[in-house]
Number of protein chains: 2
Amino acid sequence: MVSIKDVADQAQVAVGTVSNVLNNPDRVAEKTRERVLNVISELGFVRNDAARQLRAGLSRTIGLIVLDVSNPFFSSLARAAEDRAAESDSTVLLGDSCHDVGREGRYLDVFEQQRVKGVLISPVGNIDSRLEQLRAHGVPVVLVDRVDPQRRVSSVSVDDVAGGYMAVKHMLTRGRRRIAFIGASTDIQQVADRLTGAQQAVAEYPDAELEVVEAAAMTVLAGRAAGELLAERGRGGLPDGIFCANDLLAIGVMQAVLLIRGLRIPEDLALIGYDDIDFAQSAVVPLSTVRRPTELMGRTAVELLLEAIDRTAAESRQVIFQPELVTRGSTL
Amino acid sequence: MVSIKDVADQAQVAVGTVSNVLNNPDRVAEKTRERVLNVISELGFVRNDAARQLRAGLSRTIGLIVLDVSNPFFSSLARAAEDRAAESDSTVLLGDSCHDVGREGRYLDVFEQQRVKGVLISPVGNIDSRLEQLRAHGVPVVLVDRVDPQRRVSSVSVDDVAGGYMAVKHMLTRGRRRIAFIGASTDIQQVADRLTGAQQAVAEYPDAELEVVEAAAMTVLAGRAAGELLAERGRGGLPDGIFCANDLLAIGVMQAVLLIRGLRIPEDLALIGYDDIDFAQSAVVPLSTVRRPTELMGRTAVELLLEAIDRTAAESRQVIFQPELVTRGSTL
DNA sequence: ACGTGCTAATGAATCGATTCAATATCTGAT
DNA sequence: ATCAGATATTGAATCGATTCATTAGCACGT
């Protein structure tokens with residue numbers, strides 16, 4: 001393995017000079033620099049990051065732990081975070097916790113041992129003790145899609161109450177009055193918030209009513225099951241507007257209700273989802289939805305982390321983004 | 001920052017002993033070990049991986065670069081790779097190249113500098129020169145979903161010719177004779193292979209014919225466009241079986257043709273996709289498809305890499321998996 | 001010729017964990 | 001009491017890049 005010393009010998013300079021060529025090129029005379037660079041590519045020298053980090057104490061990597069890489073929300077967030085990090089020439093190392101505390105813990109351990117600059121994490125359940133440990137060890141952390149009630153660390157998240165409000169308000173202004181909310185257990189904070197927003201909107205219209213349907217999960221299949229349950233009531237008993245807690249549910253509901261003879265979306269039933277995943281616009285009837293500013297969240301998360309790294313003692317910041325209504329065929 | 005020396009001082013032992021507690025616990029007397037472990041958790045000591053790696057030369061991480069984390073094929077492959085790596089207590093660091101050569105190169109650089117044990121990569125286009133460089137630097141590599149024609153490195157991939165064959169053969173045995181293949185450009189090796197397999201199957205039936213339709217991309221929208229093009233011909237001009245080069249295309253095609261009045265899937269038109277993504281089984285009509293053994297591929301890729309790491313000079317191995325036919329409502 | 005001021009290059013000390021030859025300590029047998 | 005042999009512990013040397021105080025080299029003015 002080629003080391004900086006081999007390069008120095010071959011180029012007839014001191015090791016310090018080679019180091020300067022790499023890190024402070026303008027301190028080295030042009031001629032020398034060229035000579036060294038030539039030797040570097042000749043020998044195929046690759047800087048040993050372990051040694052660099054050990055001595056300099058600085059790391060160029062950021063750890064990112066997401067709940068599920070196959071969820072488009074997280075994958076596009078991760079992509080944006082990578083882009084932003086690259087601009088401050090850092091690299092994002094991605095870990096997928098799969099909603100599993102054990103995996104999450106393993107990644108946190110590895111990231112700590114590797115002395116990453118900081119960690120972005122969308123935590124599984126309660127991570128109070130882990131948070132405390134990371135803080136004790138001085139590892140900067142930023143929460144993603146979650147806030148720390150105690151405001152110890154910075155976070156980026158979305159105002160889901162506002163999102164739920166705008167989804168339902170949208171259908172109400174279009175004349176719908178019998179609204180249904182379909183979501184999984186309100187144990188999930190995000191689902192609870194979206195429902196709260198829905199309730200606020202309905203409360204503004206005395207003649208409107210809101211029905212809550214609990215689905216088994218946040219998947220297409222669970223959505224279809226919920227839709228079939230509604231369909232059994234016959235056309236008379238149906239709501240005229242449905243708000244689903246995410247797009248997958250909405251797509252499932254759409255599949256189920258479209259099988260009802262003669263029922264049309266949006267004429268007879270308006271339908272709106274949440275997240276704006278790719279499938280939303282390519283559904284049989286293009287799906288209206290509430291979009292979260294995913295890219296912006298990814299970029300901002302990195303920026304908050306860089307901030308936290310720079311001035312360690314500074315106060316934390318909670319950035320909450322407003323979601324955006326996307327109207328398509330399903331609510332026209 | 002707490003170092004091994006601080007631990008040694010506090011526990012009144014030599015640094016070597018602390019190191020042994022961490023790496024060769026059985027060489028240390030029980031009493032001493034306990035004392036040291038207590039001090040470690042008291043002080044919150046976390047091993048500095050940079051120093052460990054620098055001296056010991058060993059790394060516990062594997063780099064994985066995929067084309068697109070949001071593609072379910074890659075995300076589930078990554079998950080399986082992580083599981084397998086964890087069993088040999090290594091960790092997978094995931095990089096997303098987004099089909100971009102620049103990103104791919106950046107991740108390769110970072111992984112080399114971090115001296116990962118090895119790299120798993122699903123390469124963007126031609127990576128001959130990069131491969132050569134990695135080999136020159138002694139970094140073990142395993143290709144994923146791609147083979148090296150020169151067999152320099154090991155690889156895991158799928159027999160897409162067989163996959164195309166079984167998809168079309170399946171429809172032929174169900175009595176279909178006017179088959180259409182819908183895929184993006186055959187510049188993509190995988191698409192070309194699936195078409196070859198389709199042609200082989202059709203060749204076995206003298207009265208069968210195969211039509212090739214080129215879609216703009218491998219997405220739902222492109223599939224829908226292709227489906228609408230077919231639909232314009234009217235019911236008489238339609239094929240009776242369609243094989244799409246992936247599930248997204250098939251879902252788009254399904255959306256388009258279901259809008260044709262009175263046309264039924266599978267009675268009038270059989271449809272089969274490729275990949276078995278989650279959406280396949282939850283489509284309006286559950287979609288038959290060809291499944292690739294994703295988890296097995298991920299695990300195997302890690303195993304080939306570990307092999308390559310152990311005996312550096314050994315010959316490479318090309319593992320090619322057979323895909324599996326999954327029949328659902330769309331071809332019954 | 002000499003001093004001043006500047007740029008360029010040097011190389012030893014350093015980061016923290018691991019390794020291993022050397023040493024200390026203990027056990028049990030004689 | 002002594003010694004062989006096993007077991008436990010020690011601590012200096014090491015990995016490779018960075019840092020920085022020091023030295024070398026050079027140009028210019030007097």
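Only this structure's heavy atoms are used, side chains among them; waters, hydrogens and symmetry mates stay out. Each chain gets a letter, A, B and so on, in the order the sequences are listed, and its residues count up from 1.
Note on A:V28: only backbone sugar-phosphate atoms sit closer than 4.0 angstrom, heavy atoms only; bases stay farther off.
Under the 3.5 Å distance criterion, with hydrogens and angles disregarded, no donor-acceptor pair is assigned to the side chains of B:K117 and B:T61. If you check the side chains of B:Q190 and B:D145, you find a donor sitting under 3.5 Å from an acceptor.
Going from atom CZ of A:R35 over to atom P of C:dA8 covers 14 Å, rounded to whole Å. As a whole-Å value, the separation of A:D9 CG from C:dG11 C1' is 13 Å. Between A:R33 atom CZ and C:dA8 atom P there is a gap of 9 Å when expressed in whole angstrom units. In this structure, CG of B:L22 is placed 9 Å from C1' of C:dA17, rounded to the nearest angstrom. In this structure, A:L54 places its CG atom 12 Å from C1' of D:dT14, rounding to the nearest Å. The CZ-P distance, from A:R60 to D:dA17, rounds to 15 Å in whole Å. In this structure, B:K5 places its NZ atom 14 Å from C1' of D:dT10, rounding to the nearest Å. We find that CD of B:Q113 is positioned 16 Å from P of D:dG16, with the value rounded to whole Å.
For B:D96 against B:C98, the heavy-atom pair with the smallest separation is OD1-N, 3.0 Å. Taking all atoms of both residues into account, the shortest heavy-atom contact from B:V124 to B:I127 is O-CG2, 4.0 Å.
Proximity of residues 39-51 of chain B to DNA chain D (heavy atom under 4.0 angstrom from any strand atom) is not detected for any residue.
Each of C:dA8, C:dA17, D:dG16 was ranked by its minimum atom distance to the side chain of A:T32; first place goes to C:dA8. Checking C:dA8, C:dT10, D:dA17 against every side-chain atom of A:S3, the shortest atom distance belongs to D:dA17. For B:A29, taking side-chain heavy atoms from C-beta onward, the closest of the listed nucleotides D:dA8, C:dA8, D:dT18 is D:dA8.
Evaluated for a salt bridge (charged side-chain N to carboxylate O under 4.0 Å, His left out) with A:D148, the options A:R146, A:R152, A:R151 yield exactly one hit, A:R152.
Judged by distance alone, with hydrogens and angles left aside, the side-chain atoms of B:R35 form a donor-acceptor pair with the main-chain N or O of B:A11 at under 3.5 Å. Between the B:T17 side chain and the B:V15 main chain, no donor and acceptor come within less than 3.5 Å of each other. At least one donor-acceptor pair closer than 3.5 Å links the side chain of A:S97 to the backbone N or O of A:V66.
Between B:R47 and A:E112, no side-chain nitrogen of the basic residue sits less than 4.0 Å from a carboxylate oxygen of the acidic one, so the salt-bridge criterion is not met.
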What N/O pairs connect the protein and nucleotides 19-24 of chain C at under 3.5 Å? Give each pair on its own line.
none

